[in-house]
Amino acid sequence: MSRSADKGRNPSAKALREAERVQQLHPLQQQQHPSAVPADHARLAHINTYGALPDYYIDQPFICRVCGKREIWKARDQKWYYEQAKGHIDAIAVECHGCRKARKQPPRQEVCG
C-alpha cells in the first residue's frame, strides 16, 4: 500500500502501536520522527489562542466515540485541517471515518407509490 493512500482508516495493529509509541517520545524526538509533518505558522494566523502553536504534527491514534473503532488521525490530515480548513487548534478527531460519513448523510426520503 502506498503511503499516500494510507488515510489512517483500518490501521494495522503495528501502525497503531507505532503511533502510540511516537506519542510517548520526547518532543524533540517526535519532531525528528519520519512521520512528523512540520507546521506552517503563517497558515495558522487565524488561530487566536494564548497557547503555543504547534511546530509539527504527529499521527494521533484515537478511539471513535460512537462505535469504539480505533483509527489514526494522520499528521498530514491534521495539517490540512488546521492550516487549510482553518479548524480550531484544540479540535481533535473523535469519530472514525465511517461514523462521520454516516452522520453527514442526509436522511433517506420514503417514496410513496
Roughly how far, to the nearest 0.5 Å, is the OG atom of S35 from the CD1 atom of I72? 9.5 Å
Is it the case that the side chain of E83 and the backbone of W80 share a donor-acceptor pair, with hydrogens and angles ignored and the cut-off at 3.5 Å? no
Looking at residues at least two apart in the chain, or sitting in another chain, which of them share a side-chain contact (heavy atoms from CB on, under 4.5 Å) with Q24? none
Taking only residues two or more places apart in sequence, or in another chain, which ones meet Q23 in a side-chain contact (heavy atoms from CB on, under 4.5 Å)? I58, Q60, P61
Contacts of N10 meeting side-chain contact (heavy atoms from CB on, under 4.5 Å) (sequence neighbours excluded), chain-then-number -> K69
Backbone of V22 reached by a side-chain donor or acceptor of Q30 within 3.5 Å: yes
With a 3.5 Å cut-off and sequence neighbours excluded, list the donor-acceptor pairs that the side chains of residues 89-102 form with protein atoms.
{"unit_1": "E95", "atom_1": "OE1", "unit_2": "R103", "atom_2": "NE", "d": "3.0"}
{"unit_1": "E95", "atom_1": "OE1", "unit_2": "R103", "atom_2": "NH2", "d": "3.2"}
{"unit_1": "H97", "atom_1": "ND1", "unit_2": "R9", "atom_2": "NE", "d": "3.4"}
{"unit_1": "H97", "atom_1": "ND1", "unit_2": "R9", "atom_2": "NH2", "d": "3.4"}

Side chain proximity check, P27 to D55, heavy atoms < 4.5 angstrom: no
Can you list every salt bridge (charged side-chain N to carboxylate O under 4.0 Å, His left out) pair that touches residues 20-31, not counting sequence neighbours? E18-R21, E20-R70
Among residues at least two apart in sequence or on other chains, which ones pass side-chain hydrogen bond (donor to acceptor under 3.5 Å, both in side chains) with Y81? none
Could you work out, with ring-ring contact (aromatic ring centres under 6.0 Å, His included) as the rule, every residue matching Y82, not counting sequence neighbours? Y57, W73
Shortest non-hydrogen pair, P11 vs A15, comes out as CB-CB, 4.3 Å
Counterpart residues, salt bridge (Lys or Arg N to Asp or Glu O under 4.0 Å), relative to K86 (two or more places apart): none
CZ of R43 to NZ of K79: how many Å apart, nearest 0.5 Å? 7.5 Å
For the side chain to side chain donor-acceptor pair (under 3.5 Å) test, which of Q78, K74, H33, R76 pairs with D59? K74
Considering residues at least two apart in sequence or located in another chain, which fulfil the side-chain hydrogen bond (donor to acceptor under 3.5 Å, both in side chains) criterion with D40? none
